[in-house]
Protein chains: 2
Amino acid sequence: MPSLSSGLLGDLDPTSDRAVFRQIADQLREAIDRGRFKEGEKLPSEAELVEHYGVSRMTVRNSFSVLQGEGLVHAEHGKGVFVRPRPPVRRLASDRFARRHREQGKSAFIVEADAAGSHPQVDSLEVKEEKASQDVSTRLGSVRRVLARRRRYLLDGRPVEFATSYLPLDIARGTPIAEPNPGPGGIYARLEELGHRLDHFEEEIRARMPSPDEVRTLRLASGVPVIHLIRTAFDQEGRAVEVCDTVMAADAYVLSYQLPAT
Amino acid sequence: MPSLSSGLLGDLDPTSDRAVFRQIADQLREAIDRGRFKEGEKLPSEAELVEHYGVSRMTVRNSFSVLQGEGLVHAEHGKGVFVRPRPPVRRLASDRFARRHREQGKSAFIVEADAAGSHPQVDSLEVKEEKASQDVSTRLGSVRRVLARRRRYLLDGRPVEFATSYLPLDIARGTPIAEPNPGPGGIYARLEELGHRLDHFEEEIRARMPSPDEVRTLRLASGVPVIHLIRTAFDQEGRAVEVCDTVMAADAYVLSYQLPAT
DNA sequence: TTTGCCCACTCGTCTATACGAGTAAGCGTG
DNA sequence: CACGCTTACTCGTATAGACGAGTGGGCAAA
């Protein structure tokens, strides 16, 4: 059978000064927006579109690359080009570090994911002492070396977040914080037990395109940005006791904050 | 003179299974990261790279498109391909809506930008009544029609943010809030004067690639995501009195929040 | 039936070529 | 000197063709 697309897609406007590949991208985008192609569904193949529009294959591929850059579709070698499904998002609420959430045994990530019916995992655990980067050193108040705790979070097998915590050695060395598993309530519970009663957190949020490294560790599709969150924890003496650097797949997260109007 | 690039760029590895255009992208990326090409500087032209690597022009263009997708470079027709300069970022602190900031005459955006030495502008003002979207209606508690206040913010001539505030008609109609210029302290000051004493805000943050529309209104370079922020303002009776939907150029913003450890 | 191969279809990579259009500098003319 | 043209260089768009490699179904052989 010839192009299934015929019914769903229109013709090109040769008088338009809009580039042909843009016109094709526009039509595909609109068809997707209108739900003519649903999430996960296969778009017409390159060959079909070449046929339908009477253009060369590179032109069709150019259209697809536009849509890929917008994060709308993704290509699978040997299979086709598909409408990118929106994954379930993880909501991070601003009270997620409240003391009351810290009393339980399991980490917030596990508890929350279980509740949402998905399968959580944490891997790539690494705990080691290292030299503090300029930025981390500044945030922690001029420390030279730090304890770094790295881990990757996965939901239903998909990596969604990569995080590194940095703590001053004089606080963390020789404590459960320096163990791979710091115990119930996580490192914040341990910090409080060690006498660093937490006062508040500061979070800085940026969004940007991922580095090739991040594309690899988070298995990101093209057209998916990352949210870069840097949290600093302060104890009641005003000392920065931890910096946590987190990179999240932006399509898997919604951050939520509550601000006083005071 | 032949390629200036010769000194800065290496050779291809024909034995590698990494695609040629990726190898070229890798080398350019690394050169940029190492500072061999500085912000705003011109990369070697397509022709020079064709010459240097002995590949076809489409292969070089493919490399550039990879880097463009990463937001590292941008092309200017007739001029060349340049390392994308990081614009000055605007910091949004979580206390930006505190009452004490609301007493002055000018809007927070103007005050802040002036202080930072940049030239702020607000344009595309539009104030009108319209049908509430499903989402806005839900957030405001099932209102059918709303007052919508749209505006675009620019820094030194560059659009950085596009925002729309939605307010229930029973609150806003016939008040200064329905005027293009709501007066000193903005609409939050007016809301409080009207007896809606503000209690707190809720902010939801997402990051994603921009729609073609957003690319146009924010004049976004390719490879620049947007931060999508939805703020809901609640008064002391617990009623949602405003929803503000904001789309920001992600390369121009850092959001900063302070969370209690309680 | 099961195994394994082949083939058709898919996207990925690369070449070669052509023309269009924006930019900027040089040069000659008025 | 000032203006406008030419020209060389830049990226943008599009064509046509070639080969490679992943996927999955069908068919033939064991």
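Quick note on labels: first sequence line is chain A, next is B, and so on, each numbered from 1.
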Item checked: Residue pair A:Tyr53 / A:Gln23, side-chain donor-acceptor N/O under 3.5 Å -> no

Margin query: Using a heavy-atom cut-off of 4.0 Å across all strands, would you classify A:Arg22 as base, sugar-phosphate, or nothing?
Written below: sugar-phosphate

Note to self: Quick check: on DNA chain D, is the nucleotide nearest B:Glu46 upstream (toward 5') of the one nearest B:Met58, or the reverse? Name the residue that is more 5'.
What the structure shows: B:Glu46

Checklist line | Gap between atoms CD and C1', on B:Gln68 and D:dG12 respectively (whole Å) | finding: 11 Å

Notebook entry, point to check: Among the nucleotides D:dT10, D:dC11, C:dT23, which one has an atom lying closest to any side-chain atom of B:Ala47?
Noted result: D:dT10

Margin query: Please confirm whether the shortest side-chain N or O distance from B:Ser56 to OP1 or OP2 of C:dA16 is below 4.0 Å.
Written below: no

Check: Using 30° and 60° as the class limits, which term best fits the ring planes of B:Phe82 and B:His74: parallel, tilted or perpendicular?
Finding: tilted

Item checked: Toward the 5' end of DNA chain D, by each residue's nearest nucleotide, B:Phe64 or A:Gly78 -> B:Phe64

Notebook entry, point to check: Separation of B:Lys42 atom NZ from D:dC9 atom P, in whole Å?
Noted result: 12 Å

Next item on the list: Choose from C:dC14, C:dC11, D:dA14 the nucleotide whose nearest atom is closest to any side-chain atom of B:Thr59.
Entry: C:dC14

Note to self: What is the distance, to the nearest angstrom, from the CZ atom on B:Phe21 to the P atom on C:dC14?
What the structure shows: 6 Å

Next item on the list: Rounded to the nearest angstrom, tell me the gap between atom NE2 in A:His74 and atom P in C:dT10.
Entry: 17 Å

Next item on the list: Check the distance between D:dA14's P and A:Asp17's CG and give it to me in whole angstrom.
Entry: 11 Å

Margin query: Without decimals, in angstroms, what is the distance between A:Arg61 CZ and C:dC11 P?
Written below: 8 Å

Notebook entry, point to check: Would a 4.5 Å heavy-atom cut-off, applied to side chains only, mark A:Tyr166 and A:Arg149 as touching?
Noted result: no

Next item on the list: Please state how far atom CG in B:Asn62 lies from atom P in C:dC14, giving the value in whole angstrom units.
Entry: 8 Å

Next item on the list: Can you see which heavy atom on B:Glu129 is nearest to which on B:Leu147, and at what distance?
Entry: CG-CD1, 4.1 Å

Checklist line | Derivation of the side-chain contact (heavy atoms from CB on, under 4.5 Å) call for A:Glu30 and A:Arg34 | finding: CA-CA 6 Å; A:Glu30 193 181 313; A:Arg34 287 186 191 281; 2.9 Å; yes

Item checked: Nearest listed nucleotide, side chain of B:Ala75, among D:dC11, C:dC11, D:dA14 -> D:dC11

Check: Between atom CZ in B:Arg57 and atom P in D:dC9, what is the gap in whole Å?
Finding: 14 Å

Checklist line | Side chain of A:His77 (C-beta onward), nearest among C:dT13, C:dT10, D:dC11 | finding: C:dT10

